[in-house]
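This report concerns only the one structure given below.
Along the sequence shown, residues are numbered consecutively beginning with 1.
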Amino acid sequence: MLPGTIPDFNTVLDVPKGKAVVAGGGFSTWTYRPGFDVSIPVFNPEVAKIQLPSISDSAPRKYLAISAQMGIHSDYRADLDSIAAVDDKFLVLDKCQEESITKLCHGNKQYKYPHVLQEATFCIVLRRSRLGQAALSDALQANCIPVVISDSYVMPFAEVLDWQRAALIVEEERLMELPSILSKISPQRIQSMLRQGRFYWQKYFKSMRDITLTTLQVLNDRVFPYNGKSYEYWNEPTPRVGVTSPLFAPVIPPKAQGFTAVVLTYNREQSLFTLITQIALTPSLTKILVVWNNQDKQPPAVEKWPKINKPLKVVQTKANKLSNRFYPYDEIETEAILAIDDDIMMLTPDELEFGYEVWREFPDRIVGYPGRLHVWDDKTSKWKYESEWTNDISMVLTGAAFYHKYFSYLYTHKMDKEIKTWVDEHMNCEDIAINFLVANYTGKPPIKVTPRKKFKCPQCTNTEMISADLKYMEERSECIGVFEKVYGMMPLKTVPFRADPVLYKDNFPDDLKRFPSIGSL
């Protein structure tokens, strides 16, 4: 739908919409409903079907910038004409005496359109009566960098496309500064923007079919956010240029590698030994690394440790810090890490194995068992940590969770020191901190696996659990607010999703189920 009809040219569609999602080509920030409507490009089918010659991104171009729009406001045209009068690198075109969509004129000289756009590095896209202009698509088709001068215009597919990589957005009041602005763009950035614009045209803009499929994919990502396309999918041209992190390679980590269980402990020997005995039964477990966080007491003697069929390594830390859980120890040789507390007694080997299988499909996310939620409290105007059992989650606590060892490196060496200091001083929120970190780097929510919501040892009472302390819970709400201020935004993503094994609830014999021992709560 293209809003903006004579005589008012409103930026909202002048038809009854009810509660329908509107896919429109001329949205203003005043009429666009973020997360609901979809801003699409204005498509020019007559120009799109013209075959343009292929030109190299590094080929020299005759003009720095071209304005090739008819019917722009007289004030804007006067400004453009005054720029072109003193700078021959600017070309301003208008309609010819004999109007044609494939011909534009400068004085008595005719130019073929859109071919002439290929002679310029930048193509100026000004607002006319409507905010949305087909000139944007025409510029991308001609591999010309769009310079969009249209205040309040919502760019096409703006919620998924990073337009800073493909276009320049300039305020209308700065129109006369264009020569200075454009001349300062480095050749390297121009090359990158040309490549990005060509990628956007080929993948999302070149036909109504591509526009429609892109719109449907945007809607699909909203409905199924856990399976939504990544930033890289939407914005990385293929083949990719330069080095990319192997973490985000489109391959599943090899199952044969297995995972390393990292157990943070202080002084609970009996529950630690029970936990080690249980998790050692998990088929894909490769090694158990015990992080002994007590400096006043030596780890138990070798003969006291349980006898298991998996390697067991103990590391004693130099200071009692919760951040020690996420240190990238040399002993960790696998990509997958299972972070688990020494009192998580109720997870079965089947639940752990299934969690690892899910993580292998989503190695850039935290995949685990205790789900939590951050919510906005209108009474206090602050974020609140919600530990009640809900279907929505925005965090998976690392008391029992799989994650990629790359995030241990980021937590230790790249995360803001203010967050690490806060965690270590308060002895709280290290699990929330790594959820912030992963969500900020990937833009993706965590994944909760299996329905179990209770994990602590059955014999433990609430008074023995640190998480039952009211002050502890208040601190967790406080740290969400602190971390948000450090990041300058709220990176956590909320999803109503849980992964369960196939046949989990089906009435089949256990010997037909791959993961028969899945707890209910």
Side-chain angles (χ1 to χ4, degrees), residues 230 232 243-265 275-276 279-280 282-293 310-317 321-342 344 347 352-370 395-417 419-420 423-424 430-449 491:
S230 66
E232 289 78 15
V243 178
T244 57
S245 168
L247 174 60
F248 302 105
V251 295
I252 294 179
K255 183 178 180 181
Q257 192 180 74
F259 65 88
T260 301
V262 177
V263 186
L264 184 69
T265 189
L275 173 69
I276 290 173
I279 64 176
T282 308
S284 293
L285 175 71
T286 300
K287 180 188 292 185
I288 298 177
L289 178 63
V290 175
V291 180
W292 190 265
N293 223 20
K310 302 289 175 70
L312 174 62
K313 178 75 175 180
V314 181
V315 177
Q316 186 169 19
T317 59
K321 297 180 179 180
L322 288 179
S323 295
N324 291 333
R325 176 199 295 278
F326 301 123
Y327 188 82
Y329 297 98
D330 292 337
E331 289 79 4
I332 301 174
E333 300 174 299
T334 60
E335 291 185 46
I337 296 175
L338 169 65
I340 190 165
D341 287 343
D342 59 5
I344 302 294
L347 287 173
L352 292 173
E353 186 70 14
F354 175 69
Y356 173 61
E357 291 287 342
V358 174
W359 175 87
R360 288 181 61 236
E361 295 190 42
F362 303 95
D364 56 345
R365 306 198 197 193
I366 298 177
V367 176
Y369 306 87
M395 295 172 279
V396 165
L397 304 188
T398 49
F402 291 91
Y403 68 95
H404 197 284
K405 67 177 180 180
Y406 177 63
F407 294 120
S408 288
Y409 165 78
L410 293 179
Y411 186 99
T412 303
H413 299 294
K414 297 296 183 181
M415 190 175 70
D416 195 290
K417 290 183 179 179
I419 295 178
K420 283 185 65 179
V423 167
D424 293 333
E430 86 288 356
D431 45 6
I432 298 177
I434 199 168
N435 273 273
F436 267 74
L437 174 76
V438 174
N440 183 60
Y441 265 81
T442 66
K444 298 177 182 179
I447 296 178
K448 172 171 170 52
V449 290

Any chance the side chains of Thr334 and Gln257 put a donor and an acceptor closer than 3.5 Å?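 Absent: no donor and acceptor within the cut-off.
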Which residue pairs satisfy the salt bridge (Lys or Arg N to Asp or Glu O under 4.0 Å) criterion with at least one member in residues 283-292, sequence neighbours excluded?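 The answer is Lys287-Glu333.
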Determine whether Asp341 and Arg325 satisfy the following criterion, salt bridge (charged side-chain N to carboxylate O under 4.0 Å, His left out), listing intermediate values before the conclusion. CA-CA 10 Å; Asp341 287 343; Arg325 176 199 295 278; 2.5 Å; yes
Rounded at 0.5 Å granularity, tell me how far [atom1] in [X] sits from [atom2] in [Y].
{"X": "Ile288", "Y": "Thr260", "atom1": "CD1", "atom2": "OG1", "value": "10.0 Å"}
{"X": "Leu322", "Y": "Lys420", "atom1": "CG", "atom2": "NZ", "value": "12.0 Å"}
{"X": "Asp342", "Y": "Trp292", "atom1": "CG", "atom2": "CH2", "value": "9.0 Å"}

Any idea which heavy atoms bring Val396 and Tyr369 closest together, and the distance? CG1-N, 3.8 Å
Shortest non-hydrogen contact from Phe407 to Thr442?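 The answer is CZ-CG2, 4.1 Å.
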Taking ring pair (Phe, Tyr, Trp, His ring centres under 6.0 Å) as the test, write out the residues that go with Phe259, two or more places apart. Tyr356, Phe402
Quick one: ring pair (Phe, Tyr, Trp, His ring centres under 6.0 Å) partners of Phe362, sequence neighbours excluded? none
Parallel, tilted or perpendicular, as decided by the 30° and 60° cut-offs, for the rings of His413 and Tyr409: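 Rings of Tyr409 and His413: tilted, 30 to 60°.
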Can you tell me if NZ on Lys310 sees more than 12 non-hydrogen neighbours from other groups inside 6.0 Å? yes
